[in-house]
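First comes the structure, then the notes that go with it.
In what follows, every chain begins at residue 1, and chains take the letters A, B, ... in the order their sequences are listed. Just so it is clear, the structure is predicted and the values come from calculations on it, not from any experiment.
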2 protein chains.
Amino acid sequence: MPRPLPSPDRTADVILDAAEALFAERGFDGCTVKQIGAAARVNPALLSYYFGGKEGTYRAAIRRRLQAFAAEGMQDMGDAASPGEAIRRFAEAYIRFMLRHPTLPKLLFREVLDHDAEHAVEEVRAIASGPFQALCDVVRAGQARGEFRPDVDPARAALSILSPLVYVLVARPVAGILLTGRRRGLTDDALRGFAAHTADFALAALAPVRRPGA
Amino acid sequence: MPRPLPSPDRTADVILDAAEALFAERGFDGCTVKQIGAAARVNPALLSYYFGGKEGTYRAAIRRRLQAFAAEGMQDMGDAASPGEAIRRFAEAYIRFMLRHPTLPKLLFREVLDHDAEHAVEEVRAIASGPFQALCDVVRAGQARGEFRPDVDPARAALSILSPLVYVLVARPVAGILLTGRRRGLTDDALRGFAAHTADFALAALAPVRRPGA
DNA sequence: GTCTATAGGTGGATAGAC
DNA sequence: GTCTATCCACCTATAGAC
């Protein structure tokens, strides 16, 4: 009987789990080490022991999750038959990953709002030069192949794909009101549906202008 | 010589100006009444006197700005010759208003993140049923006229137009990195340029599919 | 590694003088 | 209307027992 406890039996991980959830939901200044300790069912003093304090815990939490994203996040985007297919897969994979790591969107967005992402500049750069760059390259490839119209800046196009996805994840309740008129938040399925729409919308926008005779 | 002081000589307004800026930049929990008082060059105790406390000041600040948006925000969108033209004007007018009221994007977005917009439900509803609804109607009108493809949900299309604009305003430094690769934030002109792209992108996406023979 | 106790500081609000 | 002084609650971090 080696391990009586469930999967994350390491105290540090339990703390990070609780911290991540609270930081994402209330922000760094909006929650206290006591609340984090209580949520983790752990003595609040352990935040100092393991991470050197509240801010160290924050950094550790955000880095852990962002590294997971950089590592496994967008890997199933690679083997697409066409640029169009790759864009569809990107939107799908992005939403899928965020639904599996539901704290990340708010956690990351708050970091951008509160500190211009200074606590995680490396990781944000890794994302910018990783998945986002990959998306730009997909657009460029489509343009080179003649499948996408050439007069659209690839970075702008990529941001036109990414930003709606970020918006619905981060402002989920408001997006729900805007999309459905109802007060209920968006279901996971509605989110996936919107991701599919976003890909379709972008592909239609990128479709080459067909001349009558061509 | 009735008034030696500049335009907003009323103390309450001066307080709201400072509060708005600080709440937008650091969030409700990220700044103190003392900081607000110092920024307004006013005694911090006056926040309680005028607004009943920190939270009352917050509500007053957010309401004041949102009402300005509801009132004057999108008024120059009305007289457009075509739905396409109306969409272009919407994107332009939205960015123009936000550049004139630079605290509003972050202020509003933080309210959504922190409290699901519960402190300003009425105002958010007013925006949802005002400018956003107007944008949906424009898409619908274009579809009725046969100028836009009919198989796109108007609300989704509207959100595909609105969310990139929100994103670049709220995450300006990161959007700058993604769009230019450089560390500098986006200039106002770059912001307006992206708004034009957003309108173009949406219009291309909404263009009816041309059949060879039609 | 985990706990208790506490130090040291700062938060928002208010009573009461002016 | 504005200011000073102050109260109390609560926060983070740490010293030291276990």
**Asked** What class does the angle between the rings of A:F97 and A:H101 fall in, given that below 30° is parallel, 30 to 60° is tilted and above 60° is perpendicular?
**Response** parallel

**Message:** With a 4.5 Å cut-off on side-chain heavy atoms, are B:L16 and B:Y50 touching?
**Reply:** no

**Message:** What range of DNA chain D does chain B touch, first nucleotide to last, counting atoms under 4.0 Å from its heavy atoms?
**Reply:** D:dG1 to D:dT4

**Request:** Rounded to the nearest angstrom, tell me the gap between atom NZ in B:K54 and atom C1' in C:dA13.
**Result:** 12 Å

**Message:** Check for me whether the distance between the ring centres of B:Y167 and A:Y167 falls short of 6.0 Å.
**Reply:** no

**Request:** Using atom CG of B:L47 as one end and atom P of C:dG11 as the other, report the distance to the nearest whole Å.
**Result:** 14 Å

**Message:** Assess whether a salt bridge exists between A:R88 and A:D200, defined as any Lys/Arg side-chain N lying under 4.0 Å from an Asp/Glu carboxylate O.
**Reply:** yes

**Prompt:** Separation of A:D29 atom CG from C:dG12 atom C1', in whole Å?
**Reply:** 15 Å

**Message:** Rounding to an integer number of Å, can you tell me how far A:L46 CG sits from C:dT4 P?
**Reply:** 11 Å

**Request:** For B:S48, report the nucleic acid contact type (base, sugar-phosphate, nothing); a contact means any heavy atom under 4.0 Å.
**Result:** base

**Request:** Taking only Lys NZ, Arg NE, NH1 and NH2, and the carboxylate oxygens of Asp or Glu, determine whether B:D114 and A:R110 approach each other closer than 4.0 Å.
**Result:** yes

**Request:** Report the distance from atom CD of B:E55 to atom P of C:dG12, rounded to the nearest whole Å.
**Result:** 12 Å

**Request:** Output, in order, the C-alpha distance, side-chain angles, deciding distance and verdict of side-chain contact (heavy atoms from CB on, under 4.5 Å) for A:L169 and A:Y94.
**Result:** CA-CA 10 Å; A:L169 285 166; A:Y94 187 82; 3.7 Å; yes

**Message:** Rounding to an integer number of Å, can you tell me how far A:N43 CG sits from C:dT4 C1'?
**Reply:** 8 Å

**Asked** Hey, does A:Y49 reach any base, or is it just sugar-phosphate, or nothing, if we go heavy atoms under 4.0 Å?
**Response** base

